[in-house]
Amino acid sequence: MTTCRQFSPDDFPVGCMVTDDKRRIVYSNRLIETYSGHGAQALLGADLFMLLSKASQIMFETYLMPILAREGRCDEIRLSLATSFSGPLPIVVSAYSDRASGRIFWSISSANRSDQLFEELTEAKQLLEQKVSLLRTLSDTDPLTGLPNRAALTHYLDQKMLQRPHNGMAFSLAFVDLDDFKKINDQHGHHRGDRVLKVIAKRLAGSLGRDDLIARFGADEFVILLNGPFRPGAAQESLTRLADKLSEPIVIDAASLSLSASIGVTCYPQPRDVAPGQLLRQADQAMYQAKLAGKNQVCLFNIDNEASQKERYSELTTLQAALASRQFELYYQPKVNMRTGEILGAEALIRWHHPEEGLKAPGSFLPALHDTATGIALGRWVITQALSQLQTWLDQGIDLRVSVNIDGYHLQHPDFLHELSVTLAGFPALPPQRFELEVLETSTIEDIGHVYAVLDACRRMGIRISLDDFGTGYSSLSHLRDLSVDTLKIDRSFVKNMLTSRNDLAILKGVIGFAGAFGCDVVAEGVETRQHSQRLLELGCEFGQGYYIARPMPADAFHAWAAAWQKKEFKEKYIDLEH
Amino acid sequence: MLLKEEIVARNNVTVVGSGKKTLMLAHGFGCDQQVWQHLIPHLKEHYTLVLFDYVGSGKSQISAFSEPRYRTLEGYARDVNEICQALDLNQVHFVGHSVSSTIGLLASIEHPERFASHLMICPSPCFLDLPPDYYGGFERADLEELLDLMDRNYIGWADYLAPLVMGPESAELLIGELSDSFCSTDPVVAKIFAKATFFADYRHVLPKAAHPAVILQSERDTLAHPRVGRYMHANMPGSTLRVLASEGHCLHMTQPELIAQEIDAWLRY
């Protein structure tokens with residue numbers, strides 16, 4: 001083995017140096033001379049700082065020295081060596097501090113190679129930064145409209161709401177949904193639909209302030225964040241102006257397209273804590289409310305009434321689809337003369353063949369349709385369907401009347417009469433007096449004068465009118481006075497209770513009396529037993545309808561029922577009754 | 001308004017020693033309160049020592065860092081005053097190393113009622129050469145090179161790239177995981193402190209000094225040249241200049257006994 005004495009520090013490919021506690025160089029090997037360009041004599045006793053650039057001197061004092069003082073050594077610090085022959089040389093130094101003597105032992109090597117790596121890394125980092133920034137832009141931006149997308153909005157909202165409301169921060173959040181946008185895509189193609197969305201995005205963006213934010217939330221949904229405290233009314237007003245702006249015609253390829261938007265808006269802060277997602281849901285719900293109320297309008301979210309408008313809307317959408325895919329069917333329940341057995345007619349009653357839940361009665365789905373466009377569409381379908389069935393039966397020689405139930409809101413629709421007459425004109429051979437409208441909910445009709453006029457007009461067209469559920473509404477009597485009707489229908493509740501309740505019996509007697517006095521027919525609903533039939537006949541009410549007579553049935557079952565009724569069923573059920 | 005506990009946690013405030021006189025020890029650029037470890041044994045018997053890390057340094061809560069606040073020395077001075085208020089410190093003798101001398105001066109001008117005097121170790125109100133009146137020791141190019149060297153030294157490669165990969169939201173998480181090693185510094189934060197320290201000119205505050213101050217000047221110090229000490233002494237009313245027979249800029253580390261003697265001498269004035 002060779003001893004160390006055979007080798008000198010000059011033999012090693014690393015700069016070696018020793019400095020004393022006054023920072024003076026007390027030893028340096030040959031490589032230091034080569035690196036620095038100073039001879040051994042110049043170096044000996046010189047200040048270490050002679051070899052360090054100014055910046056390296058600061059690094060020494062603020063970085064290297066503190067580490068040495070605490071840990072006694074430091075490794076691989078990148079500094080610049082001041083040279084006598086050219087610019088600074090990048091070096092990497094490691095140092096060991098001998099506390100006893102105050103000396104520091106240095107190893108110094110060139111940092112050219114690590115610098116090259118650093119430059120490459122810096123370049124790579126810059127490239128990566130560009131790519132990341134591009135990716136962020138892409139991930140935050142809706143490519144079609146250039147607006148921030150849903151993710152960007154959600155992030156912005158989260159950040160914004162992290163600020164405390166006591167900083168005075170307040171804003172309104174609006175959910176904008178284009179009405180019937182699907183039609184545009186269907187009729188004009190997605191390409192034009194996309195162009196419409198771009199126009200809409202531009203209009204929205206153009207109508208907002210610099211501090212406001214607009215994002216494309218989904219297909220034809222946009223979310224707007226209006227900064228600043230608002231009276232709720234003020235936000236609504238400015239959004240109504242926006243809605244007006246959106247409903248201006250859009251010209252695409254010379255075609256003028258009309259669009260409108262339903263807008264829901266909610267305000268922040270609120271009396272109770274609210275999360276960003278909840279705020280979005282509120283605006284969304286208010287938007288559905290705007291849809292339900294007839295679209296093309298702005299609705300303010302009512303914090304006190306967080307009813308599930310959305311659920312109602314989704315139910316409505318399902319019902320629309322059911323109507324489109326012919327899942328509804330009319331059943332018919334006979335009305336008969338309980339004394340003679342004559343079949344007077346049938347009341348058309350709607351049923352829904354739900355694809356999963358089976359046959360559904362109207363009570364389970366009609367409430368959702370109340371006062372909606374879909375409700376009116378269904379009402380229209382019922383009328384047409386019933387008329388068509390009536391025509392078929394008349395053609396088959398079955399002579400009866402068919403009645404349909406009509407809701408108050410449908411009657412009040414401005415186009416009701418016109419549409420009815422158009423529909424009737426489609427059945428020119430059908431005598432209108434075979435058709436009857438059973439008017440429901442007369443007590444809740446707001447514009448009773450208008451409805452009277454409509455019903456009068458119907459009667460003039462030859463259509464019969466009956467007041468359904470008669471006796472349940474407090475204003476029924478006044479109706480009877482002001483409105484000439486053909487039939488009163490006694491509500492099933494009176495029939496059901498007449499055997500046990502003297503009051504109900506009294507009302508029932510009264511209705512029969514009124515009918516006689518006003519010269520109209522009277523039909524008892526809810527005839528479910530032989531006793532009902534008997535009592536009604538005793539009271540002078542001959543016309544009945546109910547399970548005892550027949551349950552509602554599909555149209556194609558009616559013929560067989562009528563035959564059986566006339567052949568034996570009437571006799572079996574009624575023959576022994578005292579007439 | 002932050003609670004006492006919040007300030008204490010934010011600035012990693014520690015109080016050691018006992019004594020009627022309160023010394024607040026403020027580290028300079030690049031380090032943290034551990035730079036005082038050699039000096040503490042000499043002082044803690046006689047004084048109450050308040051140590052802390054500026055936000056962005058040492059074990060401070062880097063989540064409290066904001067560039068707008070800390071890109072000037074006034075932001076760091078607010079740290080000092082907030083600590084004084086939180087701990088209800090009065091008659092504070094402020095021991096500032098290097099740039100912290102200026103920070104202490106700014107703090108005392110803002111809230112003179114809290115302070116009693118300044119002990120300035122190797123101070124400099126401006127590191128730039130601004131000829132013909134003032135020579136702080138450095139050209140702008142030297143300081144640009146410093147920032148470049150910081151880039152090359154302070155940065156672990158992973159730390160350098162991780163924020164890009166993880167996104168800005170992860171910044172706090174990352175900072176939370178910074179190594180505990182001595183003088184470990186977040187590169188972004190350190191560069192902001194460096195710029196605030198080395199590119200600024202606070203000479204104009206010197207005449208506003210309202211408390212007595214002693215300037216402990218090293219005979220040989222590139223960062224704070226004796227002529228800088230003389231300039232400060234000439235422009236700061238009520239100041240005393242003590243040129244010490246020593247070298248370097250970190251006298252409290254290299255010559256703690258000497259500095260302790262000077263402190264004792266000053267506080268017996």
Side-chain angles (χ1 to χ4, degrees), chain A residues 19-24 47-50 52-71 74-80 87-88 90-93 97 99 102 111 114-115 117-119 121-122 124-133 135-136 139 155 158-159, chain B residues 27-32 34-35 37-38 97-99 122 127 129 137-139 141-155 157 160-161 163-169 181-183 185 190 193-194 197-198 218-224 246-250 252-256:
Chain A
T19 52
D20 68 9
D21 59 352
K22 300 218 179 307
R23 228 169 55 197
R24 286 178 303 219
D47 184 353
L48 164 70
F49 277 15
M50 182 180 85
L52 296 182
S53 73
K54 282 290 187 83
S56 302
Q57 293 171 19
I58 300 179
M59 285 296 292
F60 178 90
E61 296 287 13
T62 62
Y63 188 62
L64 198 140
M65 252 305 297
I67 299 178
L68 274 184
R70 180 182 153 91
E71 296 175 8
C74 63
D75 294 318
E76 295 185 38
I77 310 289
R78 168 67 169 78
L79 298 174
S80 297
I91 52 166
V92 175
V93 309
S97 163
R99 282 189 181 136
S114 68
D115 261 28
L117 285 172
F118 180 82
E119 307 302 341
L121 184 82
T122 307
K125 185 192 167 212
Q126 280 163 357
L127 271 176
L128 196 58
E129 270 171 351
Q130 286 168 11
K131 291 282 177 203
V132 166
S133 141
L135 276 176
R136 291 231 169 89
S139 71
H155 181 71
D158 286 348
Q159 292 299 311
Chain B
H27 66 84
F29 162 76
C31 261
D32 59 25
Q34 295 194 59
V35 295
Q37 61 172 340
H38 300 301
H97 174 229
S98 191
V99 69
C122 308
F127 291 89
D129 285 346
F138 298 89
E139 300 286 341
D142 298 328
L143 300 174
E144 300 286 354
E145 192 203 338
L146 171 69
L147 296 179
D148 179 60
L149 281 181
M150 286 174 65
D151 267 346
R152 292 166 196 267
N153 280 302
Y154 281 26
I155 297 164
W157 298 138
Y160 194 54
L161 293 175
L164 273 179
V165 180
M166 294 168 74
E169 296 79 13
S181 72
F182 184 59
C183 284
T185 312
F193 197 4
T197 301
F198 293 110
S218 187
E219 255 180 2
R220 210 152 52 96
D221 180 0
T222 316
L223 265 77
S246 57
E247 296 79 31
H249 188 61
C250 301
H252 52 306
M253 302 175 82
T254 53
Q255 308 216 32

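Quick caveat, the model's predicted, so the values are computed rather than measured.
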Toward chain A, the part of [X] with a non-hydrogen atom under 4.5 Å:
X	result
Thr254(B)	side chain
Phe127(B)	neither
His97(B)	neither

Worksheet item: Got a sec, which residues hit side-chain contact (heavy atoms from CB on, under 4.5 Å) with Thr222(B), two or more places apart in sequence or on another chain?
Response: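 Once residues adjacent in sequence are excluded, the partners of Thr222(B) under the side-chain contact (heavy atoms from CB on, under 4.5 Å) criterion are Arg23(A), Phe49(A), Lys54(A), Gln57(A), Phe138(B).
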
Worksheet entry | Under 4.5 Å from a heavy atom of chain B, the part of Ser133(A) involved |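 It is neither, since no heavy atom gets under 4.5 Å.
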
Discussion item. Tell me which of these, Arg220(B), Glu139(B), Glu144(B), has more heavy-atom pairs under 4.5 Å with chain A than the rest.
Written reply: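 Most heavy-atom pairs under 4.5 Å with chain A: Arg220(B).
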
Worksheet item: Taking the side chain from Arg152(B) and the backbone from Ile77(A), do they hold a donor-acceptor pair closer than 3.5 Å?
Response: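 It does not hold such a pair.
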
Discussion item. With no hydrogens and no angle check, just 3.5 Å: does a side-chain donor-acceptor pair link His249(B) and Asp221(B)?
Written reply: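 A donor-acceptor contact under 3.5 Å links the two side chains.
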
Fill in: Counterpart residues, salt bridge (charged side-chain N to carboxylate O under 4.0 Å, His left out), relative to Asp75(A) (two or more places apart)
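With sequence neighbours excluded, Asp75(A) shows a salt bridge (charged side-chain N to carboxylate O under 4.0 Å, His left out) to Arg73(A), given in chain and number order.
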
Worksheet item: Does Leu79(A) reach the side chain of Phe60(A), with side-chain heavy atoms less than 4.5 Å apart?
Response: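 SC-SC contact between Leu79(A) and Phe60(A) ruled out.
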
